[in-house]
Amino acid sequence: MRWIRESVSTLLPVASVGGDVVGARLAHQRGVPGAQATASMVVDITVGAATQLAFVIAGVVLLAAGRADAAATAWGLVIGVAVFAAAIGLFVRLQHNSMFAVLIGWAHRLAPKSWMSGFAGRAEAIDEAIVATYRRRSALSYASLLRLFGWAIGAGEVWLATRVLGKPLSVIDSFILESLSVGVRGAAFMVPGALGAQEGGLVLFGALLGLPADLALAVSLAKRVRELALGLPGLAAWQWVEGRRLLARQEGKASSTS
């Protein structure tokens with residue numbers, strides 16, 4: 001599910017959200033109740049954003065501590081981090097205050113009541129499932145550690161790519177470059193695949209670390225190749241799963257009518 005979800009978010013023009021919806025749908029198809037599947041999707045988005053923020057903060061601290069000439073850039077990044085943290089805090093607050101019920105209430109004002117009649121109960125169930133998920137502190141902490149490890153391991157990709165390209169960065173500099181470029185990519189979540197944003201971030205922050213622009217673009221290209229190598233089979237797997245489900249549904253209808 002994670003593989004398919006990331007493939008959809010990375011390669012399709014769905015503003016990095018469509019993959020989460022697909023993931024919730026797949027979980028529901030595997031027997032997870034709809035409210036819990038949706039709640040898991042919402043909480044996982046929050047965990048991903050929070051751990052991404054922690055990863056970026058670590059990169060900013062390392063940048064400020066290791067390079068005096070990057071102090072002004074670091075302060076600018078601190079402002080961006082503060083805004084991002086406030087947005088995450090607001091999102092968590094909304095989740096604990098019947099976010100889906102409020103959304104359905106707004107939808108009632110815009111759409112005919114007959115369209116929304118079946119959604120009120122579902123919204124309450126989703127809101128309750130979200131709060132219950134946050135109460136599972138040990139599972140939430142474990143998930144956060146896994147996501148944070150996932151962010152950090154991307155520094156190894158940068159370290160390896162720069163070594164292959166003949167301009168090796170240290171592990172610390174690779175960590176800094178990966179964390180800051182991930183922050184840029186997260187801020188550009190509305191852009192499909194963060195096209196241009198990832199490249200710009202690597203060029204900008206790579207220059208602070210002594211990485212030439214052409215090599216920074218080459219690192220970004222290496223990342224894109226990896227995304228395609230994993231994402232295209234992921235999209236094919238998604239179509240296979242959905243195709244099997246559609247075929248089974250059609251066969252069920254045919255047997256019921258015969």
Side-chain angles (χ1 to χ4, degrees), residues 6-7 9-17 19 45 47-88 147-231:
E6 291 300 319
S7 299
S9 292
T10 301
L11 299 183
L12 296 184
V14 290
S16 299
V17 178
I45 290 173
V47 168
T51 52
Q52 185 182 49
L53 179 64
F55 183 46
V56 173
I57 290 173
V60 172
V61 170
L62 290 174
L63 178 66
R67 295 181 178 271
D69 56 342
T73 302
W75 275 111
L77 292 170
V78 166
I79 295 173
V81 165
V83 173
F84 194 27
I88 294 174
R147 290 299 294 271
L148 191 57
F149 177 75
W151 292 121
I153 203 172
E157 184 178 42
V158 174
W159 178 83
L160 181 60
T162 56
R163 288 185 67 85
V164 172
L165 292 169
K167 183 70 174 179
L169 293 179
S170 67
V171 173
I172 297 298
D173 285 349
S174 298
F175 185 96
I176 293 171
L177 184 56
E178 175 67 9
S179 65
L180 300 184
S181 63
V182 160
V184 172
R185 183 167 181 142
F189 69 94
M190 292 298 293
V191 180
L195 291 175
Q198 173 176 283
E199 288 72 19
L202 286 169
V203 169
L204 174 63
F205 298 117
L208 294 175
L209 302 171
L211 188 67
D214 57 340
L215 294 184
L217 289 174
V219 171
S220 179
L221 180 60
K223 287 178 170 290
R224 296 297 184 188
V225 170
R226 186 256 306 157
E227 290 173 357
L228 288 172
L230 294 176

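Only heavy atoms go into these numbers, but all of them, side chains included; no hydrogens, no water, no symmetry mates.
Legend: residues meeting side-chain contact (heavy atoms from CB on, under 4.5 Å) with I57, ordered by chain and number and at least two apart, are L53, V61, V81. Among residues two or more places apart in sequence or in another chain, the salt bridge (Lys or Arg N to Asp or Glu O under 4.0 Å) test is passed with E199 by R224. For R147, the side-chain hydrogen bond (donor to acceptor under 3.5 Å, both in side chains) partners two or more places apart in sequence, or in a different chain, are D44. Every side-chain contact (heavy atoms from CB on, under 4.5 Å) that S7 has, sequence neighbours left out, goes to W3, L235. In this view, A54 and L148 satisfy the side-chain contact (heavy atoms from CB on, under 4.5 Å) rule, not counting sequence neighbours. By the side-chain hydrogen bond (donor to acceptor under 3.5 Å, both in side chains) test, K167 pairs with no residue at all, sequence neighbours left out.
For the atom pair L177 CG and L63 CG, the distance stands at 10.5 Å (nearest 0.5 Å).
Applying the ring pair (Phe, Tyr, Trp, His ring centres under 6.0 Å) test to every pair with at least one member in residues 152-180, sequence neighbours left out, gives these pairs: F55-F175. The ring pair (Phe, Tyr, Trp, His ring centres under 6.0 Å) analysis of residues 57-81, with sequence neighbours excluded, yields no pairs. Each salt bridge (Lys or Arg N to Asp or Glu O under 4.0 Å) pair with one or both residues in residues 71-82, not counting sequence neighbours, would appear here, but there are none. The salt bridge (Lys or Arg N to Asp or Glu O under 4.0 Å) analysis of residues 177-191, with sequence neighbours excluded, yields the pairs E178-K223, R185-E227. The salt bridge (Lys or Arg N to Asp or Glu O under 4.0 Å) analysis of residues 209-218, with sequence neighbours excluded, yields no pairs. Screening residues 186-197 for salt bridge (Lys or Arg N to Asp or Glu O under 4.0 Å), with sequence neighbours left out, gives no hits.
When side chains are defined from C-beta on, L202 does not count as touching L217, because their heavy atoms never get closer than 4.5 Å. Inter-residue side-chain proximity for D173 and L211 is flagged as unmet; no heavy-atom pair is nearer than 4.5 Å.
Here the shortest heavy-atom pairing between A197 and A188 reads CB-CB, 3.5 Å.
Within 6.0 Å of the CZ atom in R163, the count of heavy atoms belonging to other residues, nucleotides or ligands does not exceed 12.
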